[in-house]
J.: 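The structure's right below; bear with me while I get my questions together.
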Amino acid sequence: MPASSIDHAFTARSNRGAAGDPTYAGALSFMRRRYTKNLKGADAVVWGIPFDAAVTNRPGARFGPQAIRRAAAIFDNDPQYPFARDLFAELAVIDYGDCLLDNGNHQKTPATIEREAKKLLKSCAFLLSLGGDHFVTWPLLKAHAAQHGPLALVQFDAHQDTWFDDGKRIDHGSFVGRAVRDGVIDPERSIQIGIRTHAPQDCGIRILYGHEIDEMRADEIAYQIAERTGGRKVYITFDIDCLDPAYAPGTGTPVAGGPSSAKMLSVLRQLGQLDIVGADIVEVSPPYDHADITAIAGATVAQHYLGLLAERKAREQA
């Protein structure tokens with residue numbers, strides 16, 4: 001148990017080590033990580049992208065990064081469940097704050113996100129992004145592919161996001177199809193989990209529909225993901241509407257019939273064998289949330305990404 005602290009996000013002298021802030025007070029960075037623009041020595045960077053101008057239903061995801069950070073206060077710096085460790089004992093993580101976007105010129109948004117993401121990826125090993133609507137994954141994928149080559153995409157979602165567009169639209173329902181056409185992701189190594197809608201095309205991506213995963217155990221889903229990605233470098237995007245609205249009411253396009261947060265977190269927990277090079281959590285929309293249910297789920301997804309990273313670093317140092 002760390003010594004008591006307050007405002008660890010500003011007063012911490014290191015990017016490692018747990019904080020001791022009370023859950024009800026203190027500066028609300030993600031999991032109390034130090035707020036800094038200094039990337040030196042960071043194993044992972046948490047970055048908010050407060051953008052929701054691409055939604056086709058209810059807006060509000062621009063407040064997602066704030067809500068996820070606030071919900072992350074529940075991680076009170078005991079050994080983190082289910083990883084049974086202080087995630088930050090060896091893993092150096094910072095909160096870089098948010099991406100600055102021009103709210104009056106959305107056509108500049110993709111290039112701004114991509115440029116900033118590339119800069120961050122040059123100086124850190126892993127970028128964990130907090131959306132924002134799902135459009136933000138498009139420039140993030142481009143930035144990661146520029147560094148790693150075509151990626152295997154693991155997408156937790158109720159929607160395929162493969163609707164056709166002209167390559168210029170600002171739309172959260174078409175980025176996957178665009179990524180396939182532009183060679184940013186490899187559809188033969190990509191998989192979507194929890195889909196509960198139909199789009200005109202699947203782009204060759206493997207789909208595990210909502211009714212299918214309802215009949216599957218978490219370990220079976222994780223096995224299908226590992227088989228499909230086949231050892232390729234993986235980017236994970238988690239649209240919170242993958243979860244049933246009972247577990248994630250605070251989202252722009254909720255779809256009934258989805259899995260529980262417990263089941264999908266169990267799937268994530270079992271993806272440690274994947275070569276995950278980047279990840280995001282998107283579509284948390286606080287105006288439609290209740291008692292931070294959705295924000296807590298989103299924060300826990302992000303916490304699981306860091307847990308997998310911490311375990312990987314421990315294995316590499318063993």
Side-chain angles (χ1 to χ4, degrees), residues 1-21 23 26-49 65 68-99 116-131 140 143-144 146-148 233-236 238 268-269 271-281 298-318:
M1 183 70 184
S4 295
S5 62
I6 195 69
D7 295 327
H8 184 269
F10 297 118
T11 61
R13 296 185 178 182
S14 171
N15 296 335
R16 293 186 173 87
D21 291 22
T23 57
L28 293 174
S29 62
F30 183 77
M31 290 186 73
R32 310 290 188 177
R33 295 304 85 204
R34 183 164 64 148
Y35 270 127
T36 180
K37 301 296 186 184
N38 183 357
L39 301 169
K40 185 176 181 180
D43 296 312
V45 170
V46 180
W47 186 44
I49 310 177
I68 292 169
R69 288 185 174 103
R70 182 175 67 250
I74 200 170
F75 302 119
D76 57 1
N77 300 303
D78 290 332
Q80 293 298 306
Y81 178 87
F83 300 95
R85 65 174 68 230
D86 170 6
L87 303 187
F88 310 115
E90 301 297 335
L91 191 70
V93 180
I94 66 167
D95 191 325
Y96 194 77
D98 289 346
C99 183
E116 290 298 307
K118 284 181 176 178
K119 182 181 75 173
L120 293 172
L121 288 169
K122 285 181 180 179
S123 301
C124 74
F126 192 89
L127 179 59
L128 166 53
S129 302
L130 312 177
L140 289 170
H144 284 79
Q147 181 157 321
H148 299 290
K233 293 188 181 299
V234 170
Y235 186 94
I236 300 182
F238 198 113
L268 284 175
R269 178 69 183 91
L271 299 183
Q273 73 272 38
L274 272 58
D275 186 6
I276 304 168
V277 297
D280 65 48
I281 171 70
T300 308
V301 168
Q303 178 251 25
H304 273 52
Y305 293 150
L306 295 181
L308 294 175
L309 277 180
E311 287 188 331
R312 183 168 73 185
K313 185 168 185 179
R315 289 195 302 269
E316 292 170 350
Q317 292 180 339

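Just so you know, these numbers come straight off a predicted model, no measurement behind them. Here, residue 1 is the first one in the sequence, and each next residue gets the next number.
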J.: What is the minimum heavy-atom distance between Phe30 and Ala302, and which atoms define it?
T.: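 Looking at all heavy atoms of both residues, the closest pair is CZ-CB, 3.5 Å.
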J.: Looking only at atom types and distance, does a side-chain atom of Arg312 sit under 3.5 Å from a main-chain N or O of Ile276, one as donor and one as acceptor?
T.: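 Confirmed, Arg312 side chain pairs with Ile276 backbone.
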J.: Taking the side chain as every heavy atom from C-beta outward, state whether Phe88 and Leu306 have any pair of such atoms under 4.5 Å apart.
T.: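 The answer is yes; the side chains approach within 4.5 Å.
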J.: Has the side chain of Asp21 got a donor or acceptor atom that lies under 3.5 Å from a matching backbone atom of His8?
T.: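 Yes: the side chain of Asp21 pairs with the backbone of His8.
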J.: Around atom CZ of Arg315, are there more than 12 heavy atoms from other residues, nucleotides or ligands closer than 6.0 Å?
T.: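 Yes, CZ of Arg315 has more than 12 neighbouring heavy atoms, counting only those of other groups under 6.0 Å.
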J.: Does some side-chain heavy atom of Asp280 sit less than 4.5 Å from a side-chain heavy atom of Ile49?
T.: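 In short, these two side chains do not touch, never coming nearer than 4.5 Å.
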J.: Evaluate side chain to side chain contact (heavy atoms under 4.5 Å, CB included) for Leu309 paired with Leu128, printing each intermediate quantity in order.
T.: CA-CA 11 Å; Leu309 277 180; Leu128 166 53; over 6 Å; no
J.: What's the shortest heavy-atom distance between Gly131 and Pro65, and which atoms?
T.: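 Looking at all heavy atoms of both residues, the shortest contact is O-CD, 3.3 Å.
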J.: Look only at the side chain of Arg32 and the backbone of Ala27, and say whether a donor-acceptor pair between them is shorter than 3.5 Å.
T.: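 Judged by distance alone, yes, a pair lies under 3.5 Å.
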J.: Considering non-hydrogen atoms only, spot the tightest contact between Ala92 and Gly41 and give its length.
T.: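 Between these two residues, the closest heavy atoms are CB-O, 3.4 Å.
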J.: Salt-bridge test for Glu116 and Lys119: reply yes if a basic N is under 4.0 Å from a carboxylate O, no otherwise.
T.: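 Salt bridge flag = yes for Lys119 with Glu116.
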J.: Below 4.5 Å, heavy atoms only, C-beta onward: do Lys233 and Asp275 meet side chain to side chain?
T.: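 Yes. Closest side-chain heavy atoms under 4.5 Å.
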J.: What closest approach, in Å, do Cys99 and Trp47 show between heavy atoms, and which atom pair accounts for it?
T.: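 In terms of heavy atoms, the two residues are closest at CB-CZ2, 3.3 Å.
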J.: If the condition is side chain to side chain contact (heavy atoms under 4.5 Å, CB included), which residues does Arg70 pass it with, not counting sequence neighbours?
T.: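 Testing Arg70 for side chain to side chain contact (heavy atoms under 4.5 Å, CB included), a comparison that skips the adjacent residues, returns Leu28, Ala67, Asp292.
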J.: According to side-chain hydrogen bond (donor to acceptor under 3.5 Å, both in side chains), who are the partners of Thr300, at least two apart in sequence or on a separate chain?
T.: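 Expected list: none.
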J.: Any salt bridge between Asp86 and Arg16, counting N to O under 4.0 Å?
T.: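 Looking at Asp86 and Arg16, the cut-off is not met.
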J.: Kindly give the heavy-atom pair with the smallest separation between Leu127 and Ala117, and that separation in Å.
T.: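 Closest approach of Leu127 to Ala117: CD2-CB, 4.0 Å.
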J.: Applying side chain to side chain donor-acceptor pair (under 3.5 Å) as the test, list every pair that has at least one member in residues 301-311; sequence neighbours left out.
T.: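 Applying side chain to side chain donor-acceptor pair (under 3.5 Å) to every pair that reaches into residues 301-311, excluding sequence neighbours, yields Gln80-Gln303, Arg269-Glu311.
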J.: Checking Phe75 against Leu87 for the side chain to side chain contact (heavy atoms under 4.5 Å, CB included) test, could you report, in this order, the C-alpha distance in whole Å, the side-chain angles of both residues, the deciding distance, and whether it holds?
T.: CA-CA 11 Å; Phe75 302 119; Leu87 303 187; over 6 Å; no
J.: Please say whether more than 12 non-hydrogen atoms of neighbouring residues, nucleotides or ligands are located less than 6.0 Å from CD1 in Ile6.
T.: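 Buried by this count: over 12 neighbours within 6.0 Å.
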J.: Kindly say whether Tyr35 contributes a backbone atom to a donor-acceptor pair with the side chain of Asp95 at under 3.5 angstrom?
T.: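 Pair absent, no side-chain N/O of Asp95 close to backbone of Tyr35.
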J.: Would you compute the distance between atom CG of Leu120 and atom OG of Ser129 and round it to the nearest 0.5 angstrom?
T.: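 If we round to the nearest 0.5 Å, Leu120:CG and Ser129:OG are 8.0 Å apart.
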J.: Could you tell me if the side chain of Gln147 sits less than 4.5 Å from the side chain of Val277, heavy atoms only?
T.: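 Not touching, per the 4.5 Å side-chain cut-off.
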J.: State, with a plain yes or no, whether a side-chain heavy atom of Glu90 is found less than 4.5 Å away from one of Asp43.
T.: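 They are not in side-chain contact.
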J.: More than 12 foreign heavy atoms under 6.0 Å from NZ of Lys40: is that the case here?
T.: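 Count not over threshold, so no.
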J.: Does any part of the side chain of Arg69, heavy atoms only, come nearer than 4.5 Å to the side chain of Met31, both counted from C-beta?
T.: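 Counting from C-beta outward, Met31 and Arg69 never come under 4.5 Å.
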J.: Quick one: closest heavy-atom pair of Asn38 and Thr36, and the distance?
T.: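 Where Asn38 meets Thr36 most closely, the heavy atoms are N-OG1, 2.9 Å.
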J.: Taking atom CG of Leu130 and atom OH of Tyr96, what is their separation to the nearest 0.5 Å?
T.: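 Result: 15.0 Å between the selected atoms.
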